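Input: a single structure, listed below in C-alpha cells.
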Amino acid sequence: MTGEKKIKFIVDVVYVVLVAALAVFALKYLVWWLLPLVLGFCIAFALKPLVNLVYQMSSATRRFCAVMVLLCAYATLAALVWLGVVQLVVGLRRLILTLPELYESSFLPAAGSLSDWFSGLLGRFFPQLSEEFSTLAQMISEQTTTVVGGLSERLIEGMGALVSGLPGLMLTFLFTILSSFFISMDYNNVVSFLARLVPKRHRGMLFEIKDFLVKTVFRYARAYLLLLAITFVEVWAGLALLRVKGSGWWALGIAAADLLPAVGTGLILIPWAVLAFVQGNRFLGIGLLVVYGIITVVRSIIEPKIVGDNIGLPPLVTITSMFFGLKLLGAIGLFLAPLLVLIVKFLNDSGKIHLWDNSPPAVPPK
C-alpha cells in the first residue's frame, strides 16, 4: 500500500468513525428532543405515495389531499388503538382484582403441599431440620399473604401514576400529529429546505443513501414479518398440541410480543407456565416451557440468517452489529445498527469511501 493510499484509508476511517459517533449521539440524545418533528416527517414520508395517488385521481389541491389522507390514517389508527387499549385495561383490571383470590385458591394450597412434602423429606433424613423448615415456611407464607393482599392496591396506584404521566405523552403525540400535517402539506418545500442544508457536493450521495435506505427498510420489514409468521406457526402448533382453547388468537398475541427486543415470547409464556404449575397442571406448564425453548432456539439460529439475507449482510456481521447496537442504544439499536452497517457497506461498494477492497479474493496456488 502506497503512502497516498494509506492517507486516503486513514481519512476514510476517521470520516466513518466521526459519522458513526454523530449518528450515535443523535440517536441517543438529539432525536428525543426532536422526536415530534422526526416522527411527523416519517409519517409524512410513509404516506407520501398514497397522498400522490389521491392527488392524481382527484381534482383537489395536494394540500387538501394530504389532509384527507392523514385524517383517514389517524382515524383508523385511533380506532385500532382504542380497541386495543380498552381490551388491555379490562384484562389488567380483571387480573388485579382476582389476584388475591387466585393466590389463596391456587398458589397457597400448591405451596402448602410442596412445603409439607419437603418437610416430610427432611424429617426422614434430617429430623432436626424438619421443625425449623416448617417454622420458616409458615413465616414465608404469612409474609407472602400480606404482600399479595396489598399488591392489588399498589398496582392500582401504579396505574394512577402511569395515567398522571399521560399529559406529557399526549403533548408529544399532539405535536407529532400537527407536524405531520404541516410537513405533508408542504412536503416538497420541506425536503428542498433540508436538502439545501447539506453542501452541494454531498447532496447526490444523501439522496442515494435515502433511496437505498427505503429499499432496505422494506426488506428489513419483510424479514421480520417472516420471523413473525414462523413464530406464529410454532406457537399455534405447540398450543394446539397442548389443547389450549383459542390457540390461534393466543399464537397471534405471543408472536406480536416476540417483536419486543430482550422480552419476546417469554413475556407471556413464562408467567403462563408458572401459573400452570401453581394450579397443578404440570402437563401444560412443561409444554409451555418446551414451546418457549423451541421458539428461543429457532429464533436465535434463523434471525441472523433471514435478516442478513434480506438486507444483504452476512449472518456474522448481522448478529455482531445487532449485539453492539443493543449495548450502545438499547432496544432500538438492535434494529438500527444493521442499517448503519448497511450504509457504510453501500458507501464503500459505490466508491464514496474506501475501507476495504471489493475485488474477489485471489485463488491460492495449488
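Please read all numbers here as calculations on a predicted model, not as lab measurements.
- Considering every non-hydrogen atom in both Leu37 and Ser179, the closest pair reads CD2-CB, 4.0 Å.
- When the side-chain hydrogen bond (donor to acceptor under 3.5 Å, both in side chains) test is applied to Arg282, no partner is found at least two apart in sequence or on another chain.
- Hydrophobic clustering, with ILVMFWY side chains joined whenever heavy atoms are under 4.5 angstrom apart, groups Ile294 together with Val297.
- Here the closest non-hydrogen pair linking Tyr74 and Ile43 is OH-CD1, 3.4 Å.
- Phe182 has its side chain out of reach of Tyr187: every pair of non-hydrogen atoms, C-beta onward, lies at least 4.5 Å apart.
- Under the side chain to side chain donor-acceptor pair (under 3.5 Å) criterion, the residue pairs touching residues 231-240 are Thr231-Asp258, with sequence neighbours excluded.
- Annotation: the span from Leu269 atom CG to Ile254 atom CD1 amounts to 4.5 Å, rounded to 0.5 Å.
- Every residue was checked against the side-chain hydrogen bond (donor to acceptor under 3.5 Å, both in side chains) condition with Ser184, not counting sequence neighbours, and none meets it.
- Atom CZ of Phe232 has more than 12 neighbouring heavy atoms from other residues, nucleotides or ligands inside a 6.0 Å radius.
- Rounding to the nearest 0.5 angstrom, the gap separating the OG atom in Ser300 from the CD1 atom in Ile295 is 12.0 Å.
- Under a hydrophobic-cluster definition in which Ile, Leu, Val, Met, Phe, Trp and Tyr are linked whenever side-chain heavy atoms come within less than 4.5 Å, directly or via other members, Met185 and Phe64 are assigned to the same cluster.
- Both Val298 and Val290 are part of a single hydrophobic cluster, where members link through side-chain heavy atoms under 4.5 Å apart.
- The nearest pair of heavy atoms linking Val291 to Gly238 is CG2-CA, 3.9 Å.
- Counting all heavy atoms, side chain and backbone alike, Gly40 lies closest to Ile183 at C-CD1, 4.0 Å.
- Contacts classified as side chain to side chain donor-acceptor pair (under 3.5 Å) and involving residues 55-68 (residues at least two apart or in different chains) are given here: Asn52-Arg62, Arg63-Asp186.
- Distance check, rounded to the nearest 0.5 Å: CG of Leu178 to CZ of Phe173 gives 10.5 Å.
- Between Ser180 and Leu70, the shortest heavy-atom distance links the atoms O-CD1, 3.6 Å.
- Cluster membership check: Leu239 shares its hydrophobic cluster with Phe283, using side-chain heavy-atom separations under 4.5 Å among Ile, Leu, Val, Met, Phe, Trp and Tyr.
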Check step by step if side-chain contact (heavy atoms from CB on, under 4.5 Å) holds for Val341 and Thr320.
CA-CA 10 Å; Val341 173; Thr320 303; over 6 Å; no

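- Annotation: salt bridge (charged side-chain N to carboxylate O under 4.0 Å, His left out) contacts involving residues 65-83, sequence neighbours excluded, are absent.
- Here the side chains of Phe45 and Val191 are not in contact, with every heavy-atom distance at 4.5 Å or above.
- Contact between Leu47 and Ala73 at its shortest, heavy atoms only, is CD1-CB, 4.0 Å.
- No side-chain heavy atom of Leu53 sits less than 4.5 Å from a side-chain heavy atom of Val69.
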Determine, step by step, whether Val67 and Phe181 satisfy the side-chain contact (heavy atoms from CB on, under 4.5 Å) criterion, reporting the C-alpha distance in whole Å, the side-chain angles of both residues, the deciding distance to 0.1 Å, and the verdict.
CA-CA 7 Å; Val67 171; Phe181 273 100; 4.1 Å; yes

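- The side-chain hydrogen bond (donor to acceptor under 3.5 Å, both in side chains) search around Ser192 returns Arg196, not counting sequence neighbours.
- Leu284 places a side-chain heavy atom less than 4.5 Å from the side chain of Trp272.
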